[in-house]
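For reference, the structure discussed in these notes is given below.
Chain naming here is simple, since letters A, B, ... match the order of the sequence lines and numbering starts at 1 in each.
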Amino acid sequence: MPELPEVEVTRRGISPGLTGRTVSAVTIRAARLRYPLPQRLGQSIIGRKLLTVNRRGKYLLLDFGNGRLLLHLGMSGSLRLLPRATLAEKHDHLDIEFGKTLLRLRDPRRFGAALWLSGEAGEHPLLASLGLEPLAEEFTPHWLFSATRGRSSVIKQALMDSHLVVGIGNIYASESLFRAGIDPRTPAGKISLKRYERLVPEIRATLEAAIAAGGSSLRDFIHSDGSSGYFQQQYFVYGRTGEPCRVCGNSVKSLRQAARTTFHCTRCQR
DNA sequence: CTGGTCACCTGGAAGC
DNA sequence: TGCTTCCAGGTGACCA
């Protein structure tokens with residue numbers, strides 16, 4: 001379930017080995033994921049150098065100078081660096097070869113995306129409407145307070161709205177709200193500035209801790225499936241229905257919000 | 001414009 | 001054992 005931390009760890013995992021390298025081959029094995037795959041990608045990037053690997057929200061942007069390859073991992077996607085000759089398996093949809101190294105996109109549930117953006121990345125509709133980066137300086141308690149005035153939707157959904165703030169998915173929304181002591185059912189527009197002054201730092205701390213946890217497995221990243229360590233961190237509430245709250249011992253509860261499961265502690269979060 | 005719901009896809013777990 | 005059903009999740013589409 002790649003949320004912002006997993007995508008950032010992926011970026012840090014592939015960037016050093018690929019930046020400045022020249023594309024030697026491209027293989028596409030599927031017609032589409034969320035969107036049709038760019039079947040002519042090879043014509044655009046073979047012989048060109050990868051200049052940078054950037055992240056915007058949960059999107060990765062590989063800049064080749066003449067355009068950018070936008071990648072999204074959906075909920076089951078992964079990117080790995082492998083030796084060129086590594087045989088492809090069932091859900092390996094896209095390979096980009098850089099000499100003897102291979103960048104491989106695997107995505108069993110096909111919720112991910114690969115798009116070739118020949119124009120300015122910011123002009124693409126998928127990127128143009130994105131909200132603030134939660135780790136950027138602009139994401140302040142006062143900004144979130146102002147942006148949510150008049151919103152009747154609950155805070156859990158507001159945090160997961162990528163047009164407001166990017167990168168926070170179901171896991172980190174529940175975890176951040178627990179750490180801030182806020183009931184996930186509270187309307188976002190009714191939360192005080194004082195409470196956002198607690199929530200914003202907790203969002204940052206949650207994301208940064210997850211990046212650090214994944215970062216510790218970066219060394220394995222190159223040769224493994226990239227999943228080691230990411231999800232083995234200790235969640236406070238996520239996926240712990242019926243288990244004791246790590247802070248007060250009360251039973252962790254779950255509920256459905258917008259067709260998603262939310263986990264919370266009714267004693268710690270009010 | 002806002003908010004709420006659903007489809008997309010597949011593998012794995014749970015239920016029978 | 002083997003079949004069926006449910007669930008997970010990010011995001012855009014769609015509707016009220």
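- Residue A:Thr261 places at least one side-chain N or O closer than 4.0 Å to OP1 or OP2 of C:dA8.
- When the nearest nucleotides of DNA chain B are assigned to A:Gly150 and A:Pro108 by heavy-atom distance, the more 5′-ward of the two goes with A:Gly150.
- In this structure, the side chains of A:Lys100 and A:Pro83 stay at 4.5 Å or more apart for every pair of heavy atoms.
- Salt bridge A:Glu175/A:Arg179: absent, no basic N to carboxylate O contact under 4.0 Å.
- A rotation axis mapping the C1' atoms of four pairs onto the next four is fitted at both ends of the helix from B:dT2-C:dA16 to B:dC16-C:dG2 over five pairs, and the angle between these axes is 50° to 10 degrees.
- The pair A:Lys156-A:Asp161 does not meet the salt-bridge criterion, since no charged nitrogen lies less than 4.0 angstrom from a carboxylate oxygen.
- A donor-acceptor contact closer than 3.5 angstrom is absent between the side chains of A:Glu202 and A:Ser176.
- Among the heavy atoms of the strands lying under 4.0 Å from A:Arg256 are primed sugar atoms or P, OP1, OP2 only; no base atom is included.
- Atom P of nucleotide C:dG12 and atom NZ of A:Lys58 are separated by 10 Å, given to the nearest angstrom.
- Summarising the geometry, the separation between CZ on A:Arg240 and C1' on C:dA8 is reported as 19 Å, rounded to the nearest angstrom.
- Put simply, the side chain of A:Ile211 reaches to within 4.5 Å of the side chain of A:Arg12, judged on heavy atoms.
- Computed from coordinates, the A:Leu115 CG to C:dG12 C1' distance equals 13 Å when rounded to whole Å.
- Side-chain to base pairing of A:Arg109 with C:dA8: one donor and one acceptor N or O lie within less than 3.5 Å of each other.
- A:Arg256 and A:Thr261 are linked by a side-chain donor-acceptor pair at a separation below 3.5 angstrom, with hydrogens and angles left out of the test.
- No more than 12 heavy atoms of other residues, nucleotides or ligands shown are found within 6.0 angstrom of CZ on A:Arg84.
- Taken residue by residue, residues 151-170 of chain A places heavy atoms nearer than 4.0 Å to DNA chain B at A:Arg151, A:Ser152, A:Ser153, A:Gln157.
- With salt bridges taken as basic N to acidic carboxylate O contacts below 4.0 Å, none links A:Glu3 and A:Lys58.
- Taking the six-membered ring where tryptophan is involved, the planes of A:Phe145 and A:Tyr196 are perpendicular, since the angle between them exceeds 60° and thus also 30°.
- Ion pairing between A:Arg29 and A:Asp95 holds under the 4.0 Å rule for side-chain N and carboxylate O.
- Taking 4.0 Å as the cut-off between side-chain N and carboxylate O, A:Lys194 and A:Glu197 do not count as a salt-bridged pair.
- Using a 4.0 Å cutoff to heavy atoms of chain A, the contacted part of DNA chain B runs 5' to 3' from B:dG3 to B:dG11.
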